[in-house]
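Residue numbers run from 1 in the order of the sequence given.
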Amino acid sequence: MTLFKRILENSIQGIGIACFIYLLSGMIFDYVNHGTLLMENWMFTRQVIGTFLVGIAFSAPTEIYRNDNLPFPLKFLFHMGIGCTVYTIVAFRVGWIPVQLGWWRCLLFVFSGFLAALLIWLAYGYYYWKLAKSMNDKIQKEEHENQ
């Protein structure tokens, strides 16, 4: 599979995850605010475009994990650095972070976004760790049976 095709597939998956999170959080905020969530002046469209950008920003850089020449912590910083930077910029631009509520609440929203990104990254890491362990166990079992 070509690099472009892998990045495209990763981006589509990232957009799907970002849209799911966007819709879920929108429903939660609408419920908490008793159905008064109001979007005017193309706010919904801007937020959806922002959601796409954040999904791509977190998923496209995952290609860095294929590079065996970089240490893992550097790969993590590169991947999450791009994603979290784009998230923060987009979040301020499209109104996900309520600046009218003060800087402490803004920091809380930024931190919540970083925490959500980390939890998703850990979930993927755990999934791939379990997959690799399962594959290694099957290989060892077959090698043991063939001896």
Enquirer: Measure the OG1-CD1 distance between Thr51 and Ile15 for me, rounded to the nearest 0.5 Å.
Expert: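 Thr51 atom OG1 to Ile15 atom CD1 measures 10.0 Å (nearest 0.5 Å).
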Enquirer: Output all residues satisfying salt bridge (Lys or Arg N to Asp or Glu O under 4.0 Å) with Lys133, sequence neighbours left out; order by chain, then residue number.
Expert: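 By the salt bridge (Lys or Arg N to Asp or Glu O under 4.0 Å) rule, Lys133 matches Asp137.
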Enquirer: Determine whether Ile28 and Phe109 fall in the same hydrophobic cluster, where Ile, Leu, Val, Met, Phe, Trp and Tyr are linked whenever their side-chain heavy atoms lie under 4.5 Å apart.
Expert: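 No: no chain of side-chain contacts under 4.5 Å links Ile28 to Phe109.
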Enquirer: With clusters defined by side-chain heavy atoms of hydrophobic residues (ILVMFWY) lying less than 4.5 Å apart, directly or transitively, does Val94 cluster with Leu23?
Expert: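 Same hydrophobic cluster.
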Enquirer: Given the rule in the side chain to side chain contact (heavy atoms under 4.5 Å, CB included) test, do Gln140 and His144 qualify, once you have shown the distances and angles that lead to the verdict?
Expert: CA-CA 6 Å; Gln140 287 179 353; His144 182 57; over 6 Å; no
Enquirer: Step by step, would you call Ser11 with Ile7 a side chain to side chain contact (heavy atoms under 4.5 Å, CB included)?
Expert: CA-CA 6 Å; Ser11 295; Ile7 290 174; 4.0 Å; yes
Enquirer: Would you indicate whether Arg105, at its atom CZ, is surrounded by more than 12 heavy atoms from other residues, nucleotides or ligands within a distance under 6.0 Å?
Expert: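 12 or below, so no.
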Enquirer: Could you measure the distance from the CG atom of Leu77 to the CG atom of Leu70? Nearest 0.5 Å is fine.
Expert: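 Leu77 CG to Leu70 CG: 11.0 Å, rounded to 0.5 Å.
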Enquirer: Under a single-linkage definition using a 4.5 Å side-chain heavy-atom cutoff for Ile, Leu, Val, Met, Phe, Trp and Tyr, are Tyr126 and Leu119 assigned to the same hydrophobic cluster?
Expert: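 Per the 4.5 Å side-chain linkage, Tyr126 and Leu119 are not co-clustered.
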Enquirer: Nearest 0.5 Å, please: how far is CZ in Phe4 from CG in Leu8?
Expert: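 CZ of Phe4 is found 5.0 Å from CG of Leu8.
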Enquirer: Just verifying a value: how many Å separate Leu107 CG and Phe114 CZ, rounded to the nearest 0.5 Å?
Expert: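 Result: 9.5 Å between the selected atoms.
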Enquirer: Rounded at 0.5 Å granularity, tell me how far CE in Met43 sits from CD in Gln47.
Expert: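 CD of Gln47 is found 5.5 Å from CE of Met43.
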Enquirer: Which is it for Phe52 and Val90 under the side chain to side chain contact (heavy atoms under 4.5 Å, CB included) test, yes or no, and what are the steps along the way?
Expert: CA-CA 10 Å; Phe52 286 9; Val90 167; over 6 Å; no
Enquirer: Heavy atoms only: give me the nearest Pro61-Ile82 pair and the separation to one decimal.
Expert: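 Minimum heavy-atom separation between Pro61 and Ile82: CG-CG2, 3.8 Å.
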Enquirer: Enumerate the side chain to side chain donor-acceptor pair (under 3.5 Å) contacts for residues 72-95, please, sequence neighbours excluded, ordered by first and then second residue.
Expert: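 The answer is Tyr65-His79.
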Enquirer: If you look at every heavy atom in Cys84 and Phe58, which pair is closest and at what distance?
Expert: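 Closest pair (atom of Cys84, atom of Phe58, distance): N-CZ, 3.5 Å.
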Enquirer: Rounded to the nearest 0.5 Å, what separates atom CE in Met80 from atom CD1 in Ile64?
Expert: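 Nearest 0.5 Å value for the CE-CD1 distance: 14.5 Å.
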Enquirer: Flag yes if Ile21 and Phe92 sit in one hydrophobic cluster, no otherwise; membership is Ile, Leu, Val, Met, Phe, Trp, Tyr, and two members link when side-chain heavy atoms are under 4.5 Å apart.
Expert: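 Different clusters: Ile21 never reaches Phe92 through Ile, Leu, Val, Met, Phe, Trp or Tyr contacts under 4.5 Å.
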Enquirer: Would Val54 and Trp96 count as a side chain to side chain contact (heavy atoms under 4.5 Å, CB included) here? Give the steps.
Expert: CA-CA 12 Å; Val54 170; Trp96 292 334; 4.0 Å; yes
Enquirer: Do Ile17 and Ile12 sit in the same hydrophobic cluster, where Ile, Leu, Val, Met, Phe, Trp and Tyr count as joined when their side-chain heavy atoms come under 4.5 Å apart?
Expert: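 Each belongs to a different hydrophobic cluster.
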